[in-house]
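Predicted model only: the values in this text are computed from it and were never measured. Quick note: residue numbers are just sequence positions, from 1. Computed from heavy atoms alone, side chains included, the values below leave out hydrogens, waters and symmetry copies.
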Amino acid sequence: MRKYVLIFLLTQFCFHANAQDLQTYIGIALAENPGLQAYETRLDIAREKVNEANWLPNTEISTSYFVSEPETRTGPQRARFSARQMFPWFGTIGSREEFATVLSEAEYIEYQVARREMILKVASAYYQLQAFRAQQAVLAENLELLQTYERLALTAVEVGRASAADVLRLQIRQNELKQESKTLEQEFLAQSAAFDALLNRNPGNGVSLPDSIPIPETDPPLSEQGLLLNHELAKYDKLYESVARAEVLNRKEAAPMFGLGIDYIPVANRTDMSLPENGKDILMPMVSLSIPIFNNQFRSRSVQNEMRQTELELQRQERLNQLQAALARAIHERDAARITHGLLEENLEQVKQVESILLKNYETGTIDFNEILDIQEMQLRFQNRMTGAAKTYFEKSALINYLTQ
């Protein structure tokens, strides 16, 4: 009798060579999912802000006209033209660019977290589709068995070794499995639509599911440092660095600003006398210094940055605790699923032995179709639980991979 074992493949590492189908779907989702594309746009914006950081205060240009012309020794002043440019303290622009660069790096890590979450979502949806297909295969196998039992019952009725009620019970059981199969098909279609949505494609494209592959004999080794390299923790490290850069920038901005400028005043010629440098225009270079005497805002920012770093340290530790708990739980659930699958496989072999004994009794005329139905229901229950155990094993393996890779 054929065995149907649920097939699952891990997202980042494969136990078998034909894991390409899942990897193909993951590649489509990473390229086409609009949510990830939005993250990519955010990343591009963050990178562009590095260019934005290289700026200077606006250049001030002014002009004025003397309604009442002031008279000077060399002639009356008609107008004034001024230009001034302020400059931040030395190193301020570089600090501003470094701060924007660190923020863009933090945004990149956020993007990587979103990519890994998308891989996990695609894998989970794929595994669920595998589970539905495996359950449908189990139902098809059990329907075939019930049809065989029905033929035996009909033959037994003809020779008086069974009643018509036995045949009806077998037919009722077949109808129940057919109804269950139709329900599973609808659930499969719904899950397929959700899977297509992750890939940003129209529903109804179909999903290629590989042939059955058993649970591997051994689990991939886990790195002790893998969890500490998780992107979710790296995000907090990068944010902490960004606050440190923000404090450097804050200190630079608290320093004075200096400016360079020039005033130009055109002077008209005096007509009442002739003088040396008569009508000579005035050109006046200027240097200015902007001192932040009332700089409470900069001191407040320093205090805020210090508190922000403390907050990030606590948030990182809290997230690390959560990830450690999630990893421990995933490992235990994966191992439990492996154990459950193995025990169910042994029980299923024993059920088949009982079934074989009952069918052999048919030759002696002592077959009990009630017992046959009980065995069939037990077999179906074990097979469905094996399917669920296999799905859990591979889902938890994918989660472990997400947490430690």
What verdict does the side-chain contact (heavy atoms from CB on, under 4.5 Å) test give for F258 and V287, after you've listed the backbone C-alpha separation in whole Å, the side-chain angles of each residue and the deciding distance to 0.1 Å?
CA-CA 7 Å; F258 61 93; V287 177; 5.7 Å; no
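Side-chain contact check for Q135 and N384: no donor-acceptor pair (N or O, by modelled atom type) lies under 3.5 Å. Checked by atom type, the side-chain pair Q317/N321 shows a donor-acceptor distance below 3.5 Å. A side-chain donor-acceptor contact under 3.5 Å links S302 and E247. With hydrogens and angles left out, the side-chain atoms of E185 and Q136 include a donor and acceptor closer than 3.5 Å. Between E232 and Y402, the side chains place a donor N or O and an acceptor N or O closer than 3.5 Å (distance only, hydrogens not considered). Looking at S124 and E395, their side chains never bring a donor and an acceptor atom within 3.5 Å of each other. For the 3.5 Å distance criterion, the side chains of R338 and Y393 qualify, holding a donor opposite an acceptor. In the model, E318 has a side-chain atom that pairs as donor or acceptor with a side-chain atom of Q322 under 3.5 Å. In this model, no donor atom of one side chain and acceptor atom of the other lie less than 3.5 Å apart for T404 and N230. Checked by atom type, the side-chain pair Q191/E187 shows no donor-acceptor distance below 3.5 Å. Using modelled atom types, one finds a donor on one side chain and an acceptor on the other under 3.5 Å when comparing Y111 with E40. A donor and an acceptor atom, one from each side chain of T101 and E97, are nowhere located under 3.5 Å apart.
Of all non-hydrogen atoms in V122 and A29, the two that sit nearest each other are CG2-CB, 3.6 Å. The shortest heavy-atom contact between Q85 and P57 is NE2-O, 2.8 Å. In terms of heavy-atom proximity, G206 sits nearest to R201 at O-NH2, 2.9 Å. Counting all heavy atoms, side chain and backbone alike, L103 lies closest to S242 at CD2-CB, 3.8 Å. The nearest pair of heavy atoms linking A234 to I109 is O-CD1, 3.7 Å. Nearest heavy-atom pair, L403 versus A326, reported as atom, atom and distance to 0.1 Å: CD1-C, 3.9 Å.
Remark: R169 CZ is packed, more than 12 non-hydrogen atoms of other residues, nucleotides or ligands lying under 6.0 Å away. Shown here is R319, whose CZ atom has more than 12 heavy atoms of other residues, nucleotides or ligands within 6.0 Å. Heavy atoms of other residues, nucleotides or ligands lying less than 6.0 angstrom from CZ of R308 number more than 12. By the neighbour-count criterion of 12 heavy atoms within 6.0 Å, atom OH of Y108 is sparsely surrounded, having that number or fewer from other residues, nucleotides or ligands.
Between P88 and I93 the shortest side-chain heavy-atom distance falls below 4.5 Å. Two residues are said to be in side-chain contact when any heavy atoms from C-beta on lie closer than 4.5 Å; S62 and F81 fail this criterion. Proximity of I331 to L327: side-chain heavy atoms (C-beta onward) are separated by under 4.5 Å at one or more points. With a 4.5 Å cut-off on side-chain heavy atoms, E48 and N51 count as touching. You'll find the side chain of V207 reaches within 4.5 Å of the side chain of Y25, heavy atoms only.
Of the charged side-chain nitrogens involved, none lies within less than 4.0 Å of a carboxylate oxygen, so that E117 and K121 do not count as a salt-bridged pair. Of the charged side-chain nitrogens involved, at least one lies within less than 4.0 Å of a carboxylate oxygen, so that E253 and R301 count as a salt-bridged pair. A salt bridge links E52 with K49: at least one charged nitrogen is closer than 4.0 Å to a carboxylate oxygen. Ion pairing between a basic and an acidic side chain is recognised when a charged N comes within 4.0 Å of a carboxylate O; E355 and K352 show no such pairing. Using a 4.0 Å cut-off between a side-chain N of Lys or Arg and a carboxylate O of Asp or Glu, D335 and K396 do not qualify as a salt bridge.
R96 forms a cation-pi arrangement with W55, by the criterion of a distance under 6.0 Å to the ring centre and an angle within 45° of the ring axis. Cation-pi contact between R115 and Y39: absent, since separation from the ring centre below 6.0 Å together with deviation from the ring axis within 45° is not met.
Just one of L177, L380, I172, I372 meets the side chain to side chain contact (heavy atoms under 4.5 Å, CB included) condition when paired with L146; it is L177.
Proximity of the aromatic rings of Y126 and F394 is defined here by a centroid distance below 6.0 angstrom, and this criterion is not met.
A side-chain donor-acceptor contact under 3.5 Å links N142 to the backbone of V138.
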